[in-house]
Student: 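After the structure tokens below, expect a handful of questions from me.
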Amino acid sequence: MERKIVLITGATAGFGRAMAIKFAEHNYNVIITGRRKERLDELEELIKNTYEVNVLSLCFDVRKRAEVKDTLDAIPHAWKRIDILINNAGLAVGLSTIQEGDIDDWETMIDTNIKGLLYISRAIMPGMVERNSGHIINIGSVAGKEAYLKGNIYCATKFAVDALTKSMRIDLLPHNIKVSSICPGLAETEFSLVRFKGDAERAKVPYQNIDALMAEDIADTAYFVASRPPHVCISDVIITPTGQANAHDIFKKV
Ligand code: NDP
Ligand code: 8X3
């Protein structure tokens, strides 16, 4: 049987990298994307040396509309039939009250988490519609279920991901396309390092005194969601560490 193809945005770190490895382990051909070319090259090498699958690396910035379209339009024919799109690329930048927020940080989050997801999806959805088949998995967050102190714009972008997931599911319903979201809580990746702009000491704090989720937990979940039978669509998964009840309530061991 022909191998299925999964396209994972933001595969140079964290969830995206773990998901690329997980899907390769399950015999998928994987398209990996991100801005850091050396990381893409390293992951491509690792997957090709470990699994008998094909890898296509695409280095681009999801915020750049023309770059997204041109890159995805130019995918080699053999890779065009994308079965699963995982919209994972995203970030939080900064953690401050809304009245003190940095507008450049706001733009980065809105451009990446909302507009980037839309640019990618707009390029991939017509092929899925044409084939009357496909699955889109959007990575949301507990921050898209409840707002939390100083989360403001990041939360708003993840609320938008929630709304877009629901909208996609409705609009794509006649075309046999599954649309799911996975909404993680605290997970130890490069997320905090990016949020705190490279301040490694500050970035450690959220993960102290709690067994946070690991990227592999999200990869397992994504593969579970993707591997249900054709008549089953998992709409939404909220996944947190056992020590976290929701976006606000985190139990730290002392
Ligand atoms: P990481 O920082 O470890 O990974 C983020 C990935 O997104 C990287 O591969 C990065 O690649 C990519 N990315 C960021 N900006 C762009 C861009 N402009 N263009 C292309 N790729 C980009 O974070 P996580 O793995 O934790 O985050 C993945 C997703 O999960 C995000 O959407 C995040 O909001 C969400 N999330 C994270 C949680 C957590 O606690 N970790 C919890 C809930 C949700 P590169 O820099 O190479 O471009
Ligand atoms: C990332 C989880 O709670 O840090 O989306 O916003 S949180």
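Along the sequence shown, residues carry numbers from 1. Just so you know, ligand 1 is whichever comes first in the structure, and atom 1 is the first atom listed for that ligand. Just so it is clear, the structure is predicted and the values come from calculations on it, not from any experiment.
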Student: What protein heavy atom sits nearest atom 7 (S) of ligand 2, and how far off is it?
Tutor: Tyr148 OH, 3.5 Å
Student: For atom 42 (C) of ligand 1, find the nearest protein heavy atom and state the residue, atom name and distance (0.1 Å precision).
Tutor: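 Among all protein heavy atoms, the one nearest atom 42 (C) of ligand 1 is Gly185 O, 3.1 Å.
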Student: Nearest to atom 27 (O) of ligand 1, what protein heavy atom do you find, and at what distance?
Tutor: Phe15 CD1, 4.2 Å
Student: So that I can tick it off, tell me whether Glu45 and Arg39 are bridged by a salt bridge, with the cut-off set at under 4.0 angstrom between side-chain N and carboxylate O.
Tutor: no
Student: Quick check against the 3.5 Å criterion: does Asn176 have a side-chain atom that pairs as donor or acceptor with the backbone of Ser133?
Tutor: no
Student: Which of the numbered atoms in ligand 2 are under 4.0 angstrom from any heavy atom belonging to Tyr154?
Tutor: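 Checking each atom against Tyr154, I get 1 (C), 5 (O), 6 (O).
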Student: Numbering the atoms of ligand 1 from 1, which are under 4.0 Å from a heavy atom of Ala13?
Tutor: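 Listed by number with element, the hits are 3 (O), 4 (O), 9 (O).
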Student: Looking only at protein heavy atoms, identify the closest one to atom 31 (C) of ligand 1 and say how far it is in Å.
Tutor: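 Checked against all protein heavy atoms, atom 31 (C) of ligand 1 sits closest to Asn88 O, 3.2 Å.
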Student: Near Gly140, which atoms of ligand 1 are under 4.0 Å from a heavy atom of that residue?
Tutor: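 Listed by number with element: 43 (C), 44 (C).
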Student: What verdict does the side-chain contact (heavy atoms from CB on, under 4.5 Å) test give for Tyr28 and Val53, after you've listed the backbone C-alpha separation in whole Å, the side-chain angles of each residue and the deciding distance to 0.1 Å?
Tutor: CA-CA 7 Å; Tyr28 276 73; Val53 300; 5.9 Å; no
Student: With heavy-atom distances below 4.0 Å as the criterion, list the atoms of ligand 1 near Gly14.
Tutor: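 Counting from 1, the qualifying ligand atoms are 3 (O), 25 (O).
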Student: May I ask you to check if ligand 1 and Ala187 share an N or O to N or O distance below 3.5 Å?
Tutor: yes
Student: Charged N to carboxylate O under 4.0 angstrom, Glu130 versus Lys80?
Tutor: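 No.
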Student: Tyr207 to ligand 1: N or O pair under 3.5 Å?
Tutor: no
Student: With a 3.5 Å distance limit and no angle check, can you tell me whether Glu67 reaches the backbone of Val62 through a side-chain donor-acceptor pair?
Tutor: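 No; zero donor-acceptor contacts below 3.5 Å.
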Student: Could Glu2 and Arg81 be called an ion pair, given the rule that one side-chain N must be under 4.0 Å from one carboxylate O?
Tutor: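 Yes, charged N to carboxylate O under 4.0 Å.
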Student: Within a distance under 4.0 Å of any heavy atom of Ala11, pick out the atoms of ligand 1 and give their elements.
Tutor: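 So the answer, numbered in order with elements, is 9 (O).
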Student: Do any nitrogen or oxygen atoms of Gln244 come within less than 3.5 Å of a nitrogen or oxygen of ligand 2?
Tutor: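 No, there is no polar N/O contact under 3.5 Å.
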Student: Looking only at distances, please establish whether an N/O atom of ligand 1 is found under 3.5 Å from an N/O atom of Val62.
Tutor: yes
Student: To the nearest 0.1 Å, how far is atom 24 (P) of ligand 1 from its closest protein heavy atom, and which atom is that?
Tutor: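 That would be Thr189 OG1, 3.5 Å.
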Student: Does Ala212 have a heavy atom less than 4.0 Å from any atom of ligand 1?
Tutor: no
Student: Specify the protein heavy atom at minimum distance from atom 2 (C) of ligand 2: its residue, its atom name, and the distance to 0.1 Å.
Tutor: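 Nearest neighbour among protein heavy atoms for atom 2 (C) of ligand 2, to 0.1 Å: Ser141 OG, 3.7 Å.
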Student: Donor-acceptor check, side chain of Lys252 to backbone of Gln208, threshold 3.5 angstrom: yes or no?
Tutor: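 Flag set: sc Lys252 to bb Gln208 pair under 3.5 Å.
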Student: I'd like to know if Asp70 and Arg65 make a salt bridge, using a cut-off of under 4.0 Å between side-chain N and carboxylate O.
Tutor: no
Student: Of all the non-hydrogen atoms in the protein, which one sits nearest to atom 18 (N) of ligand 1, and at what distance?
Tutor: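 Answer for atom 18 (N) of ligand 1: Asp61 OD1, 2.9 Å.
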Student: So, is Gly10 polar-close to ligand 1, with some N/O to N/O distance under 3.5 Å?
Tutor: yes
Student: In the protein, which heavy atom is nearest to atom 43 (C) of ligand 1, and how far is it?
Tutor: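 Sorting protein heavy atoms by distance from atom 43 (C) of ligand 1 puts Pro184 O, 3.2 Å first.
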Student: Decide whether the shortest distance between a heavy atom of Arg63 and an atom of ligand 1 is less than 4.0 Å.
Tutor: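 Yes; Arg63 lies near enough to ligand 1 that a heavy-atom distance drops under 4.0 Å.
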Student: Less than 3.5 Å between some nitrogen or oxygen of Gly34 and one of ligand 1, yes or no?
Tutor: no
Student: How are the rings of Tyr223 and His26 set to each other: parallel, tilted or perpendicular (split at 30° and 60°)?
Tutor: parallel
Student: Strictly distance-based, threshold 3.5 Å: is any side-chain N or O of Lys158 a donor or acceptor partner for the main-chain N or O of Ile139?
Tutor: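 Answer holds: yes.
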Student: Would you call Lys197 and Asp105 a salt bridge, using N to O less than 4.0 angstrom?
Tutor: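 The answer is yes: the pair qualifies as a salt bridge.
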Student: Which residue from Pro241, Gly90, Ala89 reaches closest to atom 21 (N) of ligand 1 through any of its heavy atoms?
Tutor: Ala89
Student: Where's the contact between Arg39 and ligand 1, heavy-atom distance under 4.0 Å: side chain, backbone, both or neither?
Tutor: neither
Student: Can you report which non-hydrogen protein atom sits closest to atom 17 (C) of ligand 1, along with the distance?
Tutor: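 Ranking protein heavy atoms by distance from atom 17 (C) of ligand 1, first comes Arg35 NE, 3.5 Å.
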Student: Does the separation of the ring centres of Tyr154 and Phe159 fall below 6.0 angstrom?
Tutor: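 Here the rings of Phe159 and Tyr154 have centres that are no less than 6.0 Å from each other.
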Student: Going by the atom numbers of ligand 2, which of them fall below 4.0 Å from some non-hydrogen atom of Ala143?
Tutor: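 Heavy-atom distances to Ala143 below 4.0 Å select 6 (O).
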Student: What protein heavy atom sits nearest atom 47 (O) of ligand 1, and how far away is it?
Tutor: Thr12 OG1, 2.7 Å
Student: Using the ring of Phe191 (Phe, Tyr or Trp, six-membered ring only), decide whether Arg195 places NZ or CZ under 6.0 Å from its centre and within 45 degrees of its axis.
Tutor: no
Student: Quick test of your reading of the model: are Glu44 and Arg17 salt-bridged, counting only N-O distances below 4.0 Å?
Tutor: no
Student: Against ligand 1, does Lys158 come closer than 4.0 Å with any heavy atom?
Tutor: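 Heavy atoms of Lys158 do come under 4.0 Å of ligand 1.
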Student: If you count the non-hydrogen atoms of other residues, nucleotides and ligands that lie under 6.0 Å from CZ in Arg36, is the total more than 12?
Tutor: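 More than 12 within 6.0 Å, yes.
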Student: For Lys150, does the NZ atom sit with more than 12 other heavy atoms under 6.0 Å from it, leaving out its own atoms?
Tutor: no
Student: With a 4.0 Å heavy-atom cut-off (strictly under), which part of Phe60 contacts ligand 1: side chain, backbone, both or neither?
Tutor: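 Just the backbone.
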Student: Would you call Asp211 and Lys253 a salt bridge, taking side-chain N to carboxylate O under 4.0 Å as the test?
Tutor: yes
Student: Say whether Ser141, considering both its backbone and side-chain N or O atoms, lies within less than 3.5 Å of an N or O atom on ligand 1.
Tutor: no
